[in-house]
There are 2 protein chains.
Amino acid sequence: MAARDTGTEQLIKDTAKRIFFSEGKLHATTQDIADAAGVNRTLVHYYFRSRDILFEQIIQEGKEEWRLVMEPILTGNHPFKVKLKKMIDTVLDLIIAYPYRELFVITEEKRHAEIQLDGKHDLFIKPFLAEIKEEMIKGHIKTMDPRQFMMNLLSLMSYPVVSASLQKSVLRISDAEYIKMMKQRKNIIFEMLYQD
Amino acid sequence: MAARDTGTEQLIKDTAKRIFFSEGKLHATTQDIADAAGVNRTLVHYYFRSRDILFEQIIQEGKEEWRLVMEPILTGNHPFKVKLKKMIDTVLDLIIAYPYRELFVITEEKRHAEIQLDGKHDLFIKPFLAEIKEEMIKGHIKTMDPRQFMMNLLSLMSYPVVSASLQKSVLRISDAEYIKMMKQRKNIIFEMLYQD
DNA sequence: TTATTATTTAACAAAATTGTTAAACAAATA
DNA sequence: TATTTGTTTAACAATTTTGTTAAATAATAA
C-alpha cells in the first residue's frame, strides 16, 4: 500500500469535467479526454477501467461539489435576503465555471440509470423552501409554490449560460457584451425575485 | 421525374426530431432513428446520404418552425401585453413539445460549424426589442437591457422543461405535480415579467 | 403490362471507439 | 541499489457506427 499519489487520477477527472461540464463537448471520447489531459489513453483505463465508471465518478463529484457550495449558504443563520443574494452570487459563478454540468447529467441519465439523490439534499432544501414560504407571507416574494420560486431562480441563472451561443446569435450580442450582461444579471435576478 | 412522395423522407426527419428534440437522446445513432421510424437503415442513407446531412436538415427545419411560430406573434398589431401573453402561451407549448431542440443545436454546434441565423430573424426580433423598451418607459417592465428581458423570458420558459428530471428529484416533485406546475407557469412567468 | 420508384435484404468496407494485455521505461521510495 | 509504483508504447480484439453496393421485392404510375 502507501501508493504514492501523483495527482494524475484527479487530473484525468478534472480534465473530463472541463470537457463535459465546462466546454459542453458531450460526445467527447476517452481518447479526447486523455489527449486533453496530456496522458496516454491506457492510463484512463488503468485508473477507471471503463468510460462508464469515469462518468459515474465525475457526476458524483459534481453533485458533491454542488452540495458543498449550497449547503453552507442555505443553512446559515442569516436573513433570507442575504442568503438569496449570496446564493445568486456564488451559484452563478459556479454555473459560469461549469455551464453544462446539468446538461451532461440529464443526457447521460438517458443512456443509463436514473440519477439518484441522497437524503442529504432534503436536509437543506426543505428548510429553505419553508423560508421562501415565510418570505411570501412577509410580502417580499410573489405568492406561489416555493418550488416554482426555486425553478425561477435556477432558470434565470442557468439558461443564459447554457444557451450563450444561441442568445448571442439570436439577440446579436457580442462576446464582450455578453460578459458585461452576465455581470449585470446578478442584480437583475435578485430584483426580479425579491422586493423590499 | 414526378417522383411519387410516400412521406418516408419526412417520416425519418420527424422521427429524428422526436428522438433528439423531444426525447433528448443526443447520442442516438442512424440505426436508432431507422428503428424508431420503422424503416431500414439503408433508407436513411438513401435519402440523406450521411448522418450530418440529416442533422443539418432537421436543425434547419427546427429553426424554420421556430420562426414561423414567433414571427406572426411578434409582428402582429396587438398591444404588447397581448403579444407577451400569446408568446408565453404558444412558445411554452412548443418548448414542451421539443424540450431539447436548443440543447441539440448547442451540442451539435460544438462538433461542427457554428449555427448561422439568416437576416430574417432581425426583422421581427429587433422591432420587438424596441417594443420592450417602450414598455419599460411606460413602467410595465423593470428597466434593463431589453435583451436581458428576452433572456429572462426564454429562461423561465425553457429551463424548467429541459431540466425537468433534475427539478423533479431535487425539489421532490412527482410527475403529476410537475405537469400541474407547468400549467401554472404560464401565469407565473407573465406576472414576473409584466406589471399593470 | 411495363417501367419506374420505393423499400428491404444482405453483404461488405472503413473508421471509430472501447477495452485488454504485455513489455518497456521512468521516477520515487525503502 | 533494489523495489515498487506510475506511465508509456505497442499490439491486439471486440464492438459499434457509418457508409456503400448490388440484388431482390413491393408498390405505383404510365
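Per chain, numbering begins at 1; letters A, B, ... match sequence-line order. Here the structure is a predicted model, which is why all the values come from computation and not from measurement.
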*Show the numbers, then the answer: is there a side-chain contact (heavy atoms from CB on, under 4.5 Å) between A:V162 and A:I95?*
CA-CA 9 Å; A:V162 175; A:I95 289 172; 5.7 Å; no
_Pair B:V91, B:L153 - check side-chain contact (heavy atoms from CB on, under 4.5 Å), show working._
CA-CA 10 Å; B:V91 173; B:L153 172 56; over 6 Å; no
_Could you go through A:E108 and B:H27, starting from their C-alpha distance and side-chain angles, then the distance that decides it, and tell me whether this counts as side-chain contact (heavy atoms from CB on, under 4.5 Å)?_
CA-CA 9 Å; A:E108 283 306 311; B:H27 297 273; 3.7 Å; yes
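No more than 12 heavy atoms of other residues, nucleotides or ligands lie within 6.0 Å of NZ in B:K86, so this atom counts as exposed by the packing criterion. Residue B:K133 places its NZ atom among 12 or fewer non-hydrogen atoms of other residues, nucleotides or ligands, all under 6.0 Å distant. The number of heavy atoms from other shown groups lying within 6.0 Å of NE2 (B:H78) does not exceed 12.
Within residues 11-27 of chain B, no residue has any heavy atom closer than 4.0 Å to DNA chain D.
Nucleotide D:dT5 holds its P atom 15 Å from the CD atom of A:E9, rounded to whole Å. As a whole-Å value, the separation of A:L43 CG from D:dT7 C1' is 6 Å. Between the CG atom of B:D35 and the P atom of C:dT7 there is a distance of 16 Å, rounded to whole Å.
Under 4.0 Å is where a charged nitrogen must lie from a carboxylate oxygen, and between B:K83 and B:E135 no such pair does. A:K180 has no carboxylate O lying under 4.0 Å from a charged side-chain N of A:E177, or vice versa, which leaves the two without a salt bridge.
Pairs passing the salt bridge (Lys or Arg N to Asp or Glu O under 4.0 Å) check and including a residue from residues 184-196 of chain A, sequence neighbours excluded, read A:K81-A:D196, A:D89-A:K186, A:D93-A:K186. Sequence neighbours left out, the pairs with a member in residues 119-154 of chain A that pass ring pair (Phe, Tyr, Trp, His ring centres under 6.0 Å) are A:F80-A:F128, A:H121-A:F124, A:H140-A:Y194.
Using a distance-only test at 3.5 Å, with no hydrogens or angles considered, no donor-acceptor pair links the side chain of B:T8 to the main chain of B:L11. B:Q148 places a side-chain N or O within 3.5 Å of a backbone atom of A:M181 that can act as its donor or acceptor partner.
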*For every nucleotide of nucleotides 25-30 of chain C, 5' to 3': is a protein heavy atom under 4.0 Å from its base (B), only from its sugar-phosphate (S), or from neither (-)?*
--BS--
*Once each nucleotide of nucleotides 18-24 of chain C is scored for protein heavy atoms under 4.0 Å, what B/S/- sequence comes out, 5' to 3'?*
BBBB---
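With the end axes of the helix from C:dT1-D:dA30 to C:dA30-D:dT1 each set by five pairs, the angle from one to the other reads 10° at 10° resolution.
The phosphate of D:dT7 has neither OP1 nor OP2 within less than 4.0 Å of any side-chain N or O from A:N40. Residue B:Y46 places at least one side-chain N or O closer than 4.0 Å to OP1 or OP2 of C:dA6.
Of all heavy-atom pairs spanning B:I19 and B:A36, the tightest one is CD1-CB, 3.7 Å.
Within the 4.0 angstrom heavy-atom criterion, only backbone atoms of the sugar-phosphate kind lie near B:Y47; the bases stay farther away.
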